[in-house]
Number of protein chains: 2
Amino acid sequence: MTATGAEPRQEGSLLLDDQLCFALYAASRAVTARYRPLLDELGLTYPQYLVMLVLWEQDSVSVRDLGTALQLESSTLSPLLKRLEAHGLLRRERRAEDERSVAIRLTETGARLRERARTVPVAIGDAMGLTREQDATAKQLLRLLTANVSED
Amino acid sequence: MTATGAEPRQEGSLLLDDQLCFALYAASRAVTARYRPLLDELGLTYPQYLVMLVLWEQDSVSVRDLGTALQLESSTLSPLLKRLEAHGLLRRERRAEDERSVAIRLTETGARLRERARTVPVAIGDAMGLTREQDATAKQLLRLLTANVSED
DNA sequence: CGCCATTTAGTCGTGCGCAACTTATTAGTG
DNA sequence: CACTAATAAGTTGCGCACGACTAAATGGCG
């Protein structure tokens with residue numbers, strides 16, 4: 001893939017459309033918006049869906065583990081998990097070994113939801129309309145960017 | 001750039017780390033977090049900064065124009081613009097030609113802030129640590145993705 | 001002209017996302 | 001062992017983001 005630079009590439013431009021950050025911000029919201037109708041049918045928001053992805057991979061994780069996986073603070077996760085618990089998808093219980101920690105476990109309902117969610121990544125993949133290579137390149141660049149920007 | 005696919009590339013994976021959407025979500029928040037201390041000094045949040053970028057390009061735009069440029073709803077912009085007005089950076093006045101429309105104009109303070117903001121894109125560019133080509137490729141892919149996903 | 005559909009901002013309610021802080025528990029040090 | 005530092009989860013306050021809705025103004029059509 002070649003960079004077809006139809007861009008005024010001066011280093012410190014203040015033009016909105018020169019900013020990678022804006023492309024990122026717009027893309028992220030556009031993708032989330034595309035997820036919304038699909039996730040509505042599952043009764044999930046997008047961040048809730050991400051939490052469920054983690055739990056479907058590995059049941060019984062701590063709030064801390066979720067925070068590490070999703071890069072979210074407990075101040076974001078705690079209320080979100082409460083809502084998922086209220087919807088009957090998971091249970092929260094203090095660990096006996098360490099009373100500070102809370103184990104998040106799927107309920108039967110939560111575990112079963114996985115089957116209904118299987119179609120979601122496929123539908124989104126279609127909508128994104130990237131080739132396999134573009135998808136891989138994008139992921140790679142986004143991870144590099146995240147790593148660089150998260151330093152110190 | 002080659003796609004070094006150390007990925008389990010099955011089409012409909014439910015693994016968090018296979019999802020482009022998560023890479024996007026994480027990158028967007030990481031970049032915004034990197035902006036935060038810089039923008040704090042200007043007294044701006046990240047979305048407020050984006051609004052200012054538009055206004056520094058073209059003074060006197062409508063709420064609708066801002067919404068088109070930033071892909072945001074009036075329900076997001078109206079309160080945000082009120083806060084910027086309260087901080088003395090802009091004024092909102094109904095247009096005489098069309099009383100439905102509101103013209104957003106920079107105050108002297110708002111216009112002057114541009115000079116202090118000049119260092120921001122440079123600092124962020126450094127922190128991102130992408131080559132020119134990676135930056136261009138990322139922007140290109142993100143725009144393609146946004147366009148595809150926004151269809152219909 | 002009169003009327004209705006459209007357009008433009010705006011309000012309201014809900015759910016993030018994060019900084020700053022609190023509380024409870026555990027670990028580590030002398 | 002005592003005591004302090006750390007860790008884990010949660011609360012609060014604020015600012016987005018967006019859907020659903022409202023009010024006011026304009027455009028278009030008969």
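Letters go in sequence order (proteins before strands), and every chain restarts at 1. This structure is a prediction, so every number in the text was calculated from the model and none was measured.
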Undergrad: Hey, is B/Glu85 close enough to B/Arg92 for a salt bridge, meaning N to O under 4.0 Å?
TA: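 Yes, B/Glu85 and B/Arg92 are salt-bridged.
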Undergrad: I need the CZ-C1' distance between A/Arg64 and C/dT26, as an integer number of Å.
TA: 14 Å
Undergrad: Working to the nearest 0.5 angstrom, can you tell me the gap between B/Tyr49 OH and A/Phe22 CZ?
TA: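 Atom-to-atom, B/Tyr49:OH and A/Phe22:CZ are 12.5 Å apart.
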Undergrad: Separation of A/Glu97 atom CD from D/dA8 atom C1', in whole Å?
TA: 14 Å
Undergrad: Quick one: is D/dT7 close enough that its OP1 or OP2 comes under 4.0 Å of any side-chain N or O from A/Ser101?
TA: no
Undergrad: Could you tell me whether B/Arg112 and B/Glu108 have a side-chain N and a carboxylate O separated by less than 4.0 Å?
TA: yes
Undergrad: Once rounded to the nearest 0.5 Å, what's the spacing between atom OG1 of B/Thr45 and atom CZ of B/Arg83?
TA: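 With rounding to 0.5 Å, OG1 (B/Thr45) is 7.5 Å from CZ (B/Arg83).
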Undergrad: Which is it for A/Lys139 and A/Asp135 under the salt bridge (charged side-chain N to carboxylate O under 4.0 Å, His left out) test, yes or no, and what are the steps along the way?
TA: CA-CA 6 Å; A/Lys139 258 188 289 199; A/Asp135 187 285; 3.4 Å; yes
Undergrad: Please confirm whether the backbone N or O of A/Val102 pairs with a side-chain atom of A/Arg94, one donor and one acceptor, at under 3.5 Å?
TA: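 A pair under 3.5 Å: no.
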Undergrad: Atom CG of B/Asp65 to atom C1' of C/dA9: distance rounded to whole Å?
TA: 13 Å
Undergrad: Roughly how far, to the nearest 0.5 Å, is CZ of B/Arg114 from CG of B/Leu53?
TA: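 B/Leu53 CG to B/Arg114 CZ: 9.0 Å, rounded to 0.5 Å.
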Undergrad: If we check side-chain contact (heavy atoms from CB on, under 4.5 Å) with B/Leu89, which of these qualifies: B/Leu44, B/Leu106, B/Val51?
TA: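 Result: among B/Leu44, B/Leu106, B/Val51, B/Leu44 is the only option passing the side-chain contact (heavy atoms from CB on, under 4.5 Å) with B/Leu89.
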Undergrad: What residue pairs, at least two apart or across chains, pass side-chain hydrogen bond (donor to acceptor under 3.5 Å, both in side chains) with a residue in residues 63-74 of chain A?
TA: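 Every side-chain hydrogen bond (donor to acceptor under 3.5 Å, both in side chains) pair that includes a residue of residues 63-74 of chain A, provided the two are not neighbours, is A/Ser62-A/Asp65.
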Undergrad: Rounding to a whole Å, what distance do you find between B/Gln71:CD and D/dC16:P?
TA: 18 Å
Undergrad: Residues from residues 21-33 of chain A sitting under 4.0 Å of DNA chain D, heavy atoms only?
TA: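 Contacting residues: A/Tyr25, A/Arg29.
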Undergrad: Using heavy atoms and a sub-4.0 Å distance, could you list which residues of residues 76-87 of chain A are near DNA chain C? By number, please.
TA: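 Heavy-atom contacts with DNA chain C come from A/Thr76, A/Leu80, A/Arg83.
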Undergrad: What integer distance in Å separates B/Leu39:CG from C/dA19:C1'?
TA: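 One finds 15 Å between C1' of C/dA19 and CG of B/Leu39, rounded.
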Undergrad: Would one find a side-chain N or O of A/Arg36 under 4.0 angstrom from OP1 or OP2 of D/dG19?
TA: yes
Undergrad: Answer yes or no: is there a side-chain heavy-atom contact under 4.5 Å between A/Leu66 and A/Leu81?
TA: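 They are in contact (side-chain heavy atoms under 4.5 Å apart), so the answer is yes.
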Undergrad: Short of 4.0 Å, heavy atom to strand atom, which residues of residues 44-62 of chain B count as contacting DNA chain C?
TA: B/Ser62
Undergrad: Please list, by residue number, the residues of residues 88-95 of chain B whose heavy atoms come closer than 4.0 Å to an atom of DNA chain C; answer none if no residue qualifies.
TA: B/Arg92, B/Arg94
Undergrad: Using modelled atom types only, decide if a donor and an acceptor are shared between the side chain of B/Gln19 and the backbone of B/Ser13 within a distance under 3.5 Å.
TA: yes
Undergrad: Return the 5'-most residue of the pair A/Val102, B/Leu72 with respect to DNA chain D, ranking by each residue's nearest nucleotide.
TA: A/Val102
Undergrad: Once the angle between the rings of A/Tyr35 and A/Tyr46 is folded into 0 to 90°, is it parallel (under 30°), tilted (30 to 60°) or perpendicular (over 60°)?
TA: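 A/Tyr35 vs A/Tyr46 ring planes: tilted.
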Undergrad: Evaluate the criterion side-chain contact (heavy atoms from CB on, under 4.5 Å) for residue pair B/Leu24 and A/Thr32; output intermediate values, then yes/no.
TA: CA-CA 10 Å; B/Leu24 194 54; A/Thr32 304; over 6 Å; no
Undergrad: Spell out, as yes or no, whether a donor-acceptor pair under 3.5 Å connects the side chain of B/Thr107 to the backbone of B/Gly88.
TA: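 Checking the backbone N and O of B/Gly88 against the side chain of B/Thr107, a donor-acceptor pair under 3.5 Å is found.
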Undergrad: Hey, does the side chain of B/Ser101 reach the backbone of B/Arg95 with a donor-acceptor pair shorter than 3.5 angstrom?
TA: no
Undergrad: What is the distance from atom CG of B/Leu55 to atom CG of A/Leu16, rounded to the nearest 0.5 Å?
TA: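 That separation rounds to 11.0 Å.
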Undergrad: With the criterion being N/O to N/O and under 3.5 Å, what pairs connect the protein with nucleotides 20-25 of chain D, and how long is each?
TA:
none

